[in-house]
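Protein chains get the first letters and strands the later ones, always in sequence-line order, with residue 1 at the start of each.
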Protein chains: 2
Amino acid sequence: MPVTVLLVDDEPLVRAGLRAVLEAQPDIEVVGEAADGAAVIPLVRRLRPDVVAMDVRMPLMDGIEATRAVLRTIDDPPKILVVTTFENDEYVYEALRAGADGFLLKRARPTEIVHAVRLVAEGESLLFPASVRQLAATHGDAGGNREARAVLERARLTEREAEVLRLMTRGLSNAEIAARLVVGTETVKSHVSAVLAKLGARDRTQAVIAAYESGFVAPG
Amino acid sequence: MPVTVLLVDDEPLVRAGLRAVLEAQPDIEVVGEAADGAAVIPLVRRLRPDVVAMDVRMPLMDGIEATRAVLRTIDDPPKILVVTTFENDEYVYEALRAGADGFLLKRARPTEIVHAVRLVAEGESLLFPASVRQLAATHGDAGGNREARAVLERARLTEREAEVLRLMTRGLSNAEIAARLVVGTETVKSHVSAVLAKLGARDRTQAVIAAYESGFVAPG
DNA sequence: GTTCGTCTCCCCCGCCCGGGGGAGGTCCGG
DNA sequence: CCGGACCTCCCCCGGGCGGGGGAGACGAAC
């Protein structure tokens, strides 16, 4: 069965864009749209979407409030994918606190958008989707770190994946990790790929950054 | 003129190995050997080597003491390249404090050894030579960070290189950095290579790790 | 007993990365 | 005036990396 998505954004253009991108996927179905967070609750009750793509900034009720409302009033709530325009949107931290499962930049490429929807639908948390990892890297606020750590935990790396990530943060290559763990390099590649996917990282460097920024490893 | 090196190690075998590796290079010349730190001062006075490859653990006077002695009593002192067997040798921090310019693991590959000698001879500090970067990553001691930071400063990245490193720590690819700085990707590659060389990093991931471990960038 | 998650390994493939070496430009200081 | 440092760009080249897809083995949970 396909992944069902509810779009919540005050701009019709953005909704149309998201719909076009997502509907192009055979396994994703957009089941509804809303122009404001205030309309979300009844729609979620009726449509029971797997994922809600939620804009942060909306006129009546913003994405943070709407996220809180959904999680508070709906049992077996849908996954919340927060959609934001700006990288340095402090609201994303609010959304994290509110319980959002992932983030998405509006200017993300279609493949990234699709990827993000699938990931959250599968129950994986998107720690550093698209360029939000850059936000984490730039944001000087100390409070943000705690949330990131919590989300990393929710990313639920398996034991082996966590071990591989730890060795990545030591600067080891795939071959070196393989030697250290006494497995084949192909195995390591599998784990590394899993780590990259779960962290929303494009390459091992971004994964290591995510590890530092989230407190998975600490410097010094 | 060639780089002149003085070998200081209590094990003849290690000295022979280092000599063999270094003498194979046309631009490197081993001008002397000593079996203990206690013999270093007069030898340095007489031979005036560019680099002293100094073992840390020696019977009479260890490498840290010898390093302090050399820097204290010799004007225009040679560069000190500390040679150690173990990755987790707390002594390397002592050596850093004492003013050593670089580190070298005995099990490093010949090319790495040669590379390290050339680098310190050129006045570059080896922040994470060979696998000492792994030490920095594992070592939980908070005190170690200050030294690393100091050495990073001594690595003297140019302004442009520092900027490139900063963008690397944001997870950007060479192409993305090029776009950001409005230069060609080949230019970025040059800067990246320079950064890797100065930090003793093998790839951008290790460079980012070094940046975090040294305090060049801080998480959160 | 069957499903599911995890760990393991395999193949193919494109591409970015990093090494090596070279070269022109500016600007500053000796 | 002439180095020297720095920034810029170029070439060639090999290899590691990451994506995609598949598959077998094992133990735990249902």
Side-chain angles (χ1 to χ4, degrees), chain A residues 25-27 109-112 114-116 118-119 122-124 128 155-168 171-210, chain B residues 25-27 109-112 114-116 118-119 122-124 128 155-168 171-210:
Chain A
Q25 302 300 317
D27 61 329
R109 288 167 303 190
T111 56
E112 292 179 333
V114 169
H115 182 62
R118 287 212 187 92
L119 269 189
E122 291 166 3
E124 301 289 3
F128 292 94
R156 292 190 307 99
L157 298 180
T158 68
E159 212 166 315
R160 207 53 160 173
E161 287 162 357
E163 175 67 7
V164 168
L165 176 57
R166 202 184 61 80
L167 293 175
M168 280 194 275
L172 274 63
S173 68
N174 287 338
E176 289 168 340
I177 294 175
R180 188 74 68 94
L181 299 181
V182 199
V183 296
T185 59
E186 298 297 330
T187 301
V188 175
K189 284 178 62 178
S190 293
H191 293 315
V192 169
S193 290
V195 168
L196 298 185
K198 288 184 178 179
L199 266 48
R202 192 176 48 194
D203 49 53
R204 65 202 302 110
T205 303
Q206 289 189 348
V208 167
I209 293 170
Chain B
Q25 303 299 318
D27 61 329
R109 288 168 301 188
T111 56
E112 292 178 333
V114 170
H115 181 63
R118 287 212 186 93
L119 269 189
E122 291 165 4
E124 301 290 2
F128 291 93
R156 291 191 305 99
L157 297 180
T158 69
E159 212 167 314
R160 207 53 160 171
E161 288 162 357
E163 175 67 6
V164 168
L165 176 57
R166 203 184 61 79
L167 293 175
M168 278 195 275
L172 274 63
S173 68
N174 288 338
E176 289 168 340
I177 295 174
R180 190 73 68 93
L181 299 181
V182 198
V183 296
T185 59
E186 297 297 329
T187 302
V188 174
K189 284 177 62 177
S190 293
H191 292 315
V192 169
S193 289
V195 169
L196 297 185
K198 288 185 177 178
L199 296 185
R202 190 177 49 195
D203 49 53
R204 66 202 301 108
T205 303
Q206 289 189 349
V208 167
I209 293 170

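For the OP1/OP2 pair of dC7(C) and a distance below 4.0 Å, the side-chain nitrogens and oxygens of T158(A) include at least one atom meeting the criterion. In this model, the phosphate group of dC9(C) is approached by a side-chain N or O of T187(A) to a distance below 4.0 Å at OP1 or OP2. At dG18(C), none of the side-chain N or O atoms of R202(B) fall inside 4.0 Å of OP1 or OP2 (strictly under the cut-off). Between N174(B) and the phosphate of dC17(C), there is a side-chain N or O to OP1/OP2 separation shorter than 4.0 Å.
With the 3.5 Å cutoff on both pairing distances, Watson-Crick and G-U pairs in DNA chain C assemble into runs of at least 3 at C:1-15 with D:16-30, C:17-28 with D:3-14.
Residue L172(B) contributes atom CG, which lies 15 Å from atom C1' of dC17(C) at whole-angstrom precision. In this entry the distance linking CE of M168(A) with C1' of dG18(D) reads 12 Å, nearest Å. Here the P atom of nucleotide dG18(C) and the CZ atom of R204(A) are 11 Å apart, to the nearest Å. The distance from atom CZ of R160(B) to atom C1' of dT26(C) is 14 Å, rounded to the nearest whole Å. Atom P of nucleotide dA5(D) and atom CD of E161(B) are separated by 13 Å, given to the nearest angstrom. The distance from atom CD of Q206(B) to atom P of dG19(C) is 11 Å, rounded to the nearest whole Å.
Taking the side chain of E186(A) as heavy atoms from C-beta on, and the options dC17(C), dC17(D), dC11(C), the nearest nucleotide is dC11(C). Of the candidates dG18(C), dT8(C), dG18(D), dT8(C) carries the atom nearest the S190(A) side chain, counting heavy atoms from C-beta on. With distances taken from any side-chain atom of S173(B) to the nucleotides dG18(C), dC17(C), dC7(C), the minimum falls on dC17(C). Here the side chain of H191(B) is nearest to one of dT8(D), dC11(D), dC7(C), namely dT8(D).
Minimum interatomic distance between L196(A) and R202(A) (heavy atoms only, all atoms of both residues): CD1-O, 4.2 Å.
No hydrogens or angles were tested; on distance alone, nothing pairs the side chain of T185(B) with the base of dC9(D) as donor and acceptor under 3.5 Å.
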Cut-off 3.5 Å, no hydrogens considered: what does the side-chain donor-acceptor table look like for residues 185-195 of chain A, sequence neighbours left out?
from: S190(A); atom 1: OG; to: E186(A); atom 2: O; distance (Å): 3.3
from: S193(A); atom 1: OG; to: K189(A); atom 2: O; distance (Å): 3.1

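In terms of position on DNA chain C, the residue among A175(B) and K189(A) whose nearest nucleotide sits closer to the 5' end is K189(A). For the pair E159(B) and D203(B), both in contact range of DNA chain D, the more 5′-proximal nearest nucleotide belongs to E159(B).
No side-chain heavy atom of D203(A) sits under 4.5 Å from any side-chain heavy atom of T205(B). Two residues are said to be in side-chain contact when any heavy atoms from C-beta on lie closer than 4.5 Å; R204(A) and N174(A) meet this criterion.
Between E163(B) and R160(B) there is no salt bridge, since none of the side-chain N atoms of the basic residue sits less than 4.0 Å from a carboxylate O of the acidic one.
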